[in-house]
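Beneath this line is the structure, given in structure tokens, with notes to follow.
In each ligand, atom 1 is the first atom listed, and ligand 1 is the first ligand listed. When reading the values below, keep in mind they use all heavy atoms of this one structure, side chains included, and skip hydrogens, waters and symmetry mates.
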Amino acid sequence: MSKKTIILAIESSCDDTAAAILEDKKILSNVVANQEIHQQYGGVVPELASRAHQQNIIPVVDTAIKKAKIRKQDIDAIAFTKGPGLLGSLLVGSSFAKSFAMGMDIPLIAVNHMQAHILAHFIDKGKQLPSFPFLCLTVSGGHTQIVKIDSPSKMQVIGTTLDDAAGEAFDKSAKILGFSYPGGPLIDKYAKGGNIHAFTFGKPKIKDLDFSFSGLKTSILYTIQAGIKENPNFIAENKEDLCASIQHAIVIILIDKLTKAIKQTGITQIAIAGGVSANSYLRNQLKVLAKKENYKLFIPKFEYCTDNAAMIAIAGYYKYLDKDFANQTETPSARLLF
Ligand code: KG4
Ligand code: ZN
């Protein structure tokens with residue numbers, strides 16, 4: 001039997017320092033250190049994120065290797081996030097990966113963070129996997145995309161946001177409501193007891209498969225400001241209804257465009273990825289749609305929705321099979337495209 005391939009992966013694109021060990025397509029360890037420092041600022045502070053990555057990276061990698069019960073010498077290649085993301089954060093992960101590759105004399109693999117979110121669907125053998133081509137709605141704090149995936153190395157963005165990302169729409173709405181960062185999971189939590197039709201907000205009219213969330217954000221702000229003018233306790237008294245209505249408005253925009261993409265391409269295998277794919281309402285609404293229309297739906301495990309290094313590892317694994325290696329001159333790219 002041929003030796004299995006062991007990959008160490010590093011993710012440091014935003015405010016999570018993460019490392020994972022993958023053996024072929026199986027995850028042996030997946031460690032994420034969240035940076036709580038940003039909560040008090042209502043958003044990620046890039047300078048603080050880079051410093052925290054610098055402090056976290058060695059202990060996080062060390063823990064990942066120990067948890068996987070392997071030795072450093074067993075690692076066949078190191079994969080890292082090349083972009084997109086915050087440049088200072090990316091520099092920490094890429095510099096670490098380059099040094100590790102050079103020190104251990106193993107191949108270096110540069111991974112696109114957004115493609116990795118999608119390829120997280122291929123982690124762990126045994127479960128049902130999407131076959132090609134499929135569509136993926138990739139929704140995170142920085143991106144909102146509809147992607148057509150023809151193979152692990154051939155993907156095309158067919159729709160994208162023209163302004164804010166879906167995660168930003170959640171986080172900025174949450175900030176208006178006075179929640180701490182990141183507010184998406186809190187909106188999800190409070191929405192559970194609310195009425196989705198309690199408040200209505202302006203719907204964007206954007207052509208093709210593109211998205212826009214900035215108008216919705218303004219509409220939410222005006223509704224809340226008008227409410228507070230009438231009643232200073234407006235937010236506290238309507239918290240659940242506001243969350244349910246905001247969440248519904250964001251999710252409907254996403255599902256409408258995904259439906260349009262399915263009709264346009266004729267592809268009925270659909271997946272979701274990225275931090276916002278952890279949203280329970282989005283997951284449930286898509287399950288209802290898939291059942292009604294007989295679509296094949298792939299929803300990632302919670303641990304692979306938000307930023308993690310397991311997804312960088314599986315993306316790195318496919319590149320390893322293709323011998324698609326980087327070298328020591330590789331530089332991170334804040335706005336990396338596909
Ligand atoms: O993919 P991710 O971890 O980081 C980026 O690459 O941006 O996504 C983070 C985003 C944040 O905007 C966060 O509020 C959102 O994902 N998010 C959620 C939920 N969990 C995370 N949004 C809505 N509902 C959730 N349950
Ligand atoms: Zn992400």
Nitrogen or oxygen of P182 less than 3.5 angstrom from that of ligand 1: no

F170, any N or O under 3.5 Å of ligand 1 N or O: no

Protein contact of atom 9 (C) of ligand 1 - nearest heavy atom, named by residue and atom, plus distance: G141 N, 3.7 Å

Validation row, ring centre F122 to ring centre Y317 under 6.0 Å: no

Distance-only N or O hit between ligand 1 and G183, under 3.5 Å: no

Q247 contact mode with ligand 1 (heavy-atom cut-off under 4.0 Å): neither

Residue H143, metal the Zn ion (ligand 2), N/O/S under 2.8 Å: no

G142 heavy atom under 4.0 Å from ligand 1: yes

Any N/O pair G167/ligand 1 closer than 3.5 Å: yes

Atom name of the N, O or S atom in D307 that lies nearest to the Zn ion (ligand 2): OD1

Backbone or side-chain N or O of D307 under 3.5 Å from ligand 1 N or O: yes

Between E11 and T81, a side-chain donor and acceptor under 3.5 Å: yes

Enumerated ligand 1 atoms positioned under 4.0 Å from heavy atoms of H117: 1 (O), 6 (O)

Best match, C305, G275, G274: closest heavy atom to atom 21 (C) of ligand 1: G275

Donor + acceptor pair across side chains of S212, D163 (<3.5 Å): yes

Contact check: N279 vs ligand 1, nitrogen or oxygen atoms, below 3.5 angstrom: yes

Residue selection (non-hydrogen contact nearest atom 11 (C) of ligand 1) among D16, D171, V139, V32: D171

F338, CZ atom: more than 12 neighbouring heavy atoms under 6.0 Å: yes

Closest protein heavy atom (residue, atom, distance) for atom 22 (N) of ligand 1: G184 CA, 3.5 Å

Nearest-0.5 Å distance that lies between atom NZ in K263 and atom CG in L209: 12.5 Å

Ligand-residue contact atoms, ligand 1 with H113, heavy atoms, under 4.0 Å: 6 (O)

T306-ligand 1 polar pair, N/O distance under 3.5 Å: no

D76 versus T5, side-chain donor and acceptor atoms under 3.5 Å: no

Cationic N near anionic O, under 4.0 Å, D322 to K319: no

Side chains of T144 and K257, donor plus acceptor under 3.5 Å: no

Residue pair N30 / E303, side-chain donor-acceptor N/O under 3.5 Å: no

E293 versus T268, side-chain donor and acceptor atoms under 3.5 Å: no

Enumerated ligand 1 atoms positioned under 4.0 Å from heavy atoms of S140: 1 (O), 5 (C), 6 (O), 7 (O), 8 (O)

Proximity to ligand 1 by part of H143, non-hydrogen separation under 4.0 Å: neither

K189 touching ligand 1 at heavy-atom level, < 4.0 angstrom: no

Positive for side-chain contact (heavy atoms from CB on, under 4.5 Å) with V251, one of N279, I196, L286: N279

Residue A278 vicinity, atoms of ligand 1 by number, heavy atom under 4.0 Å: 20 (N), 26 (N)

Test of proximity, D188 against ligand 1: N or O pairs below 3.5 Å: yes

Side chain to side chain donor-acceptor pair (under 3.5 Å) contacts touching residues 196-206 (sequence neighbours left out): K203-D256

Spacing of Q156 atom CD and D150 atom CG [to the nearest 0.5 Å]: 7.5 Å

The Zn ion (ligand 2) reached by C14 (N, O or S, under 2.8 Å): no

Closest contact, heavy atoms only, P332 versus L90: CB-CB, 3.6 Å

